[in-house]
Amino acid sequence: QINVSRRNLFGDTMEIISRDGSDPGFWHNNISIRLKDEPAMDVGGPVKDFFNSISKHLASSHMNLFKSANEDTCLLLVNPRSADLIPDHL
């Protein structure tokens, strides 16, 4: 089970992955999300909300991990200069 707070979702997630992500078993188990201070049981909703929130955070312009392919689409490409723009961003 992954316990994260909504306010620090990305930071909590990175901390958990840094601590437990080297264990292959971590990636082979079903993911269960518990949002701290929220009573929801995880029957799919918290996992969906977790991945939507993490995806939006990673795709946000302040992370500079991705850049828009062009102005006419929502297509994002990996920004090869992301580390140059914000050192130590991950």
Side-chain angles (χ1 to χ4, degrees):
Q1 185 175 47
I2 297 175
N3 294 302
V4 294
S5 69
R6 191 178 296 277
R7 274 195 352 248
N8 190 32
L9 187 73
F10 186 74
D12 288 351
T13 301
M14 292 304 294
E15 182 179 323
I16 291 166
I17 290 173
S18 295
R19 184 186 68 227
D20 302 332
S22 62
D23 175 11
F26 177 80
W27 301 104
H28 292 283
N29 293 322
N30 289 333
I31 293 176
S32 174
I33 303 296
R34 181 176 178 276
L35 295 170
K36 296 176 186 174
D37 301 324
E38 295 186 29
M41 290 185 63
D42 188 357
V43 290
V47 169
K48 181 180 176 183
D49 190 36
F50 171 81
F51 281 109
N52 279 335
S53 297
I54 288 293
S55 298
K56 285 179 185 177
H57 183 81
L58 291 173
S60 68
S61 61
H62 77 274
M63 288 295 287
N64 282 311
L65 294 175
F66 301 96
K67 63 180 185 174
S68 180
N70 64 49
E71 294 177 14
D72 298 331
T73 69
C74 295
L75 179 65
L76 297 175
L77 302 172
V78 173
N79 184 353
R81 297 196 54 234
S82 64
D84 297 335
L85 296 169
I86 302 178
D88 202 24
H89 62 292
L90 291 179

N/O donor to acceptor pairs below 3.5 angstrom from side-chain atoms of residues 6-14, sequence neighbours left out:
unit_1 : atom_1 : unit_2 : atom_2 : d
Arg6   : NE     : Glu38  : OE2    : 2.9
Arg6   : NH1    : Asp49  : OD2    : 2.6
Arg6   : NH2    : Glu38  : OE1    : 3.0
Arg6   : NH2    : Glu38  : OE2    : 3.4
Arg6   : NH2    : Asp49  : OD2    : 3.0
Asn8   : ND2    : Asp12  : OD1    : 3.0
Asp12  : OD2    : Ser5   : N      : 2.8
Asp12  : OD2    : Ser5   : OG     : 3.1
Thr13  : OG1    : Leu9   : O      : 2.7

Student check: side-chain heavy atoms of [X] and [Y] closer than 4.5 Å:
X     : Y     : value
Ile33 : Phe51 : no
Leu35 : Val4  : yes
Phe66 : Leu77 : no

First locate atom [atom1] of [X], then atom [atom2] of [Y], and finally report the distance between them rounded to the nearest 0.5 Å.
X     : Y     : atom1 : atom2 : answer
Ser32 : Phe50 : OG    : CZ    : 11.0 Å
Leu58 : Ser60 : CG    : OG    : 7.5 Å
Asp20 : Glu15 : CG    : CD    : 9.5 Å

*asked:* Using a 6.0 Å cut-off, check whether atom NZ of Lys36 has over 12 heavy atoms from anything other than its own residue.
replied: yes
*Do other residues, nucleotides or ligands put more than 12 heavy atoms under 6.0 Å from the CG atom of Asn30?*
no
*Nearest heavy atoms of Leu76 and Ala59, plus distance in Å*: CD1-CB, 3.7 Å
*Between Asn79 (side chain) and Leu65 (backbone), is there a donor-acceptor pair under 3.5 Å?*
no
